[in-house]
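Beneath this line is the structure, given in structure tokens, with notes to follow.
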Amino acid sequence: MVLFIILLNAFLAIILLVYNWRINRNTIFLSLLILFFSSYAFSYYTTVVQQSRFWIAIAYANPSPLWYLSGPCLYFYVRGILEDRIHFRKYDILHLIPFVVVLIGMFPYLVTSFDFKLKVADDVIRDINSPRDHSPNWIIPFETGLIFRPGVMLIYCVLSIVAVLRFPYAKDSFRAVPENQWCFFRNWMLLLSVVFLIASLSSLFITFQYNVNEQITREDMNGKSISLLLSITLLMLPVLLIVFPQILYGLPRNLNMLRRMAEEKASIAEKEVLSGQSVASKYAIGQTPDEDPFIELSQRILKAMEEEKPYLNPEFSLDDLADLLDVPKHHLYYCFQNILHTKFIRLRTAYRIEYAKRV
């Protein structure tokens, strides 16, 4: 069951990465976070539970440098949602220090032959305590690495939670975010951070048991409570991704939205022009600008379709609409999903049919 959930997480992460990175590139960090976490769970499962010689040779220690990127991926994902863009600062390179240190220390082991790794796997299967005597990392001792890995992740979980909790008070642009959407994403980011916080604490608990007990058994490391907690943690991620697909849209926000709305309140005449068109009236916006700042962008979508008729271009796509309006594509996804309540293709087709009827 645990193996199935691990593979399901990895599969969903790949699907998320392949199909959504162009919509909202911030999902790259979420996909990598799930993949790295899945590889860690798979390594633990093959080493402690399954005891497969072949898979231990592959999963034991080899992917460990990547696990130190899980924390930065979580933090960059949360920061990208809060700021509605992906950008890197000069000091962000510091987040890679644990990864680089572990990669350098692991490099001699990584380039060893597969036969040598099979021998290491035999030692691990024969005695789970054997890694104490020959750490695969020549810089960091094995017991220290066991604490260092979840400890780094724990720090990033706390940083992510603090960033979410401080955001409404530290950023004036919070006012330009739809309140209901902010509540949803705040809860999602907090829940995601807490899930990995629990996973890190669980790993620290297992590490504490391993380091304290010099002759720990495989049964001690594979207790029912530990297996149950690992299964629940792994299962929460695919369930949340399936039940709450809105997270793929990001937290759309336009920093100039409030200023434009204050200066350019949609006039009654403009609304009447929009409502007088058959297609525009079909997708009429039933909210006021005060309820959702993206009402204005939704109006711009309809207005551009009415006045500029970009749909006459046979190759007209959502990317073209994003370029035309000079907005990120996931902003448009939010408008179609939550305000216009239709899909881009359906709206484009409706305009083309209406135009054909006129001519």
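Small disclaimer: the values here were computed from a predicted structure and weren't measured.
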Can you see which heavy atom on [X] is nearest to which on [Y], and at what distance?
{"X": "S193", "Y": "C157", "answer": "O-SG, 3.8 Å"}
{"X": "F36", "Y": "S70", "answer": "CB-OG, 3.2 Å"}
{"X": "V102", "Y": "P65", "answer": "CG1-CA, 3.9 Å"}
{"X": "W55", "Y": "Q50", "answer": "CD1-OE1, 4.2 Å"}
{"X": "N213", "Y": "N129", "answer": "O-OD1, 4.4 Å"}

- Message: Among Y75, Y77, F76, Y156, exactly one meets ring-ring contact (aromatic ring centres under 6.0 Å, His included) together with F29. Which residue is that?
- Response: F76

Would you say [atom1] of [X] has more than 12 non-hydrogen atoms from neighbouring residues, nucleotides or ligands within 6.0 angstrom?
{"X": "L94", "atom1": "CG", "result": "yes"}
{"X": "R25", "atom1": "CZ", "result": "no"}
{"X": "I345", "atom1": "CD1", "result": "no"}

With no hydrogens and no angle check, is any side-chain donor or acceptor of [X] less than 3.5 Å from a backbone partner on [Y]?
{"X": "N62", "Y": "I58", "value": "yes"}
{"X": "T46", "Y": "S43", "value": "yes"}
{"X": "T207", "Y": "L146", "value": "yes"}
{"X": "S64", "Y": "A61", "value": "yes"}
{"X": "K117", "Y": "L110", "value": "yes"}

- Does the pair R126/D123 count as a salt bridge with the N-to-O cut at 4.0 Å? yes

- Please examine the side chains of L12 and I34, heavy atoms only from C-beta on, and report whether any two atoms are closer than 4.5 Å. no

- With the side chain counted from C-beta on, respond yes when L103 and Y68 share a heavy-atom pair under 4.5 Å apart, and no when they do not. no

- Task: Just grab all the ring-ring contact (aromatic ring centres under 6.0 Å, His included) pairs involving residues 96-127, residues at least two apart or on different chains.
- Result: F54-F114

- Message: For a side chain to side chain donor-acceptor pair (under 3.5 Å) check, start with the C-alpha distance between S203 and Y40, then their side-chain angles and the critical distance, and finish with the verdict.
- Response: CA-CA 10 Å; S203 182; Y40 175 77; 2.7 Å; yes

- Message: Tell me every residue that passes salt bridge (Lys or Arg N to Asp or Glu O under 4.0 Å) with R348, counting only those two or more places apart in sequence or in another chain.
- Response: none

- With sequence neighbours left out, write down each residue that passes side-chain hydrogen bond (donor to acceptor under 3.5 Å, both in side chains) with Y210, or none if nothing qualifies. none

- Query: Yes or no on side chain to side chain contact (heavy atoms under 4.5 Å, CB included) for I147 and F208, after CA distance, side-chain angles and deciding distance?
  - Reply: CA-CA 8 Å; I147 298 176; F208 176 78; over 6 Å; no

- Message: In terms of relative ring orientation, are F142 and Y60 parallel, tilted or perpendicular, with 30° and 60° separating the classes?
- Response: tilted

